[in-house]
Q: 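Dropping the structure in here first, questions after.
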Amino acid sequence: MTLLKKFLALLLVILAYFGLWTGQDALFEHHVKRFYSNIAQTTALSGGEVIKYVTFGFENFVADIYWMRTIQYVGTHVADGSYSVLEAYANIITDIDPKFAFVYHFSGLLLPNTGDYKSAEKILLKGEMKNPENFWFPSDLGFLYFYYLEDYDSAIEAYKRCVPLQDCPGATPRLVATLLARSGKEEIAFQSLLDQFASAESDEQRDFLKQKVEEVGKLILLQKLSILYPPETQVSELIGKSFPLNDPELSTYLAVVESLIEKKLLSDEKTVLKEMTENPFQTNSYLWDATTKKVKPKRW
């Protein structure tokens, strides 16, 4: 090839590159709308199951491409906190690669921040169905139900599903017991705590569980006492009332709590001591809820 031909070939490559650059620059606004417009993305996104058929065995690679685009999308919407098509992206990626666990986890934790609890629930339930061995999904669902939706029953069931899974946080069983107590299932919570105490492996765990037994055990005793001696507003008004030891259920709870926490809740005359009415986790005393006719702490 002569020098002139080489020069002309190089010039042709440069002109072609310049033409492509100019053309793409002219289409820049179109690409921005295509990739970052909520409406454009929502209408352009196809179902992942369809895309999976044309990946020719490269599902993981294609899912990674969509994941990078998702990260870009989230990054461009951090300022306004709006992620209206995040669920669509997450569904496409997890349709292509159902084992891409972090996508479910990421989306399930980010969507509730926008108030889109239903989408978060759907993607996490999908993650749990596709990856039943992964503790992330029942744990994330438990947090969603408990923290955002205050649905204690659903949170309890989700956390219970987490407990037997590998790497599930060790505090999950204790959290289940607390939620049981909050939802009015104090007796079940109390028995759960006793079972955990019996199998605790460290002094730190046992000390913490003693505190939880004290909290829930006192609540049960006060609930039952308040039926006999309903206070006005503060449960501290039960102090000095006689304790009906002829009630076998009350006597059993009292004996278990006193022996485990190594504190006396009754005087020698079998009257209620101040210790009985103090919440071990809060300085606030227990209150009598006149509407529900139940004793409850100001805060748990």
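It should be emphasised that the depicted structure is a prediction, and the values quoted were computed from it without experimental measurement.
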Q: Look at the side-chain heavy atoms of Ile, Leu, Val, Met, Phe, Trp and Tyr, link any pair under 4.5 Å apart, and say whether Leu111 and Tyr117 land in one connected group.
A: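 Leu111 and Tyr117: one cluster.
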Q: What pairs of donor and acceptor atoms, side-chain ones from residues 250-259 against any protein atom, are under 3.5 angstrom apart with sequence neighbours left out?
A:
| residue | atom | partner | partner atom | Å |
| --- | --- | --- | --- | --- |
| Ser251 | OG | Leu245 | O | 2.9 |
| Ser251 | OG | Asp247 | O | 3.0 |
| Thr252 | OG1 | Pro248 | O | 2.8 |
| Glu258 | OE2 | Leu265 | N | 2.7 |
| Glu258 | OE2 | Leu266 | N | 3.4 |
| Ser259 | OG | Ala255 | O | 2.9 |
| Ser259 | OG | Val256 | O | 3.0 |

Q: Donor-acceptor pairs under 3.5 angstrom involving side-chain atoms of residues 138-145: please list them, not counting sequence neighbours.
A:
| residue | atom | partner | partner atom | Å |
| --- | --- | --- | --- | --- |
| Asp140 | OD2 | His105 | ND1 | 2.6 |
| Tyr145 | OH | Glu121 | OE2 | 2.7 |

Q: Tell me whether Lys126 is salt-bridged to Asp95, with the criterion being a basic N under 4.0 Å from an acidic carboxylate O.
A: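 Looking at Asp95 together with Lys126, the answer is yes, because their closest N to O distance falls below 4.0 Å.
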Q: Going by an N to O cut-off under 4.0 Å, is there a salt bridge joining Asp289 and Lys294?
A: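 The answer is no: the pair does not qualify as a salt bridge.
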Q: I'd like to know if Lys264 and Glu275 make a salt bridge, using a cut-off of under 4.0 Å between side-chain N and carboxylate O.
A: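 Salt bridge: no.
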Q: For Glu150, is the CD atom crowded, meaning more than 12 foreign heavy atoms sit under 6.0 Å from it?
A: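 Counting neighbours around CD of Glu150, 12 or fewer heavy atoms of other residues, nucleotides or ligands fall under 6.0 Å, so no.
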Q: Is the shortest side-chain N to carboxylate O distance from Glu214 to Lys210 below 4.0 Å?
A: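 Lys210 and Glu214: not salt-bridged.
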Q: Should we say atom CD of Gln166 is surrounded by more than 12 heavy atoms from elsewhere, each under 6.0 Å from it?
A: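 No, because the 6.0 Å sphere around CD of Gln166 holds 12 heavy atoms or fewer from other groups.
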Q: So, the side chain of Glu87 versus the backbone of Ile123: is there a donor-acceptor pair under 3.5 Å, distance only?
A: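 A pair under 3.5 Å: no.
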Q: Could you check whether atom NZ of Lys118 has more than 12 heavy atoms from other residues, nucleotides or ligands sitting under 6.0 Å from it?
A: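 It does not: Lys118 NZ has 12 such atoms or fewer within range.
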Q: Of the non-hydrogen atoms in Glu237 and Glu232, which two are nearest, and what is the gap between them?
A: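 Result for this residue pair: OE1-N, 3.2 Å.
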Q: Here's a test for you: under ring pair (Phe, Tyr, Trp, His ring centres under 6.0 Å), which of Tyr104, Tyr73, Phe100, Phe106 qualifies with Tyr89?
A: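 When Tyr104, Tyr73, Phe100, Phe106 are each tested with Tyr89, the ring pair (Phe, Tyr, Trp, His ring centres under 6.0 Å) holds only for Tyr73.
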Q: Taking atom NZ as the centre, does Lys185 end up with more than 12 heavy-atom neighbours from other residues, nucleotides or ligands that are less than 6.0 angstrom away?
A: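 Yes - once you tally the heavy atoms of other residues, nucleotides and ligands closer than 6.0 Å, there are more than 12.
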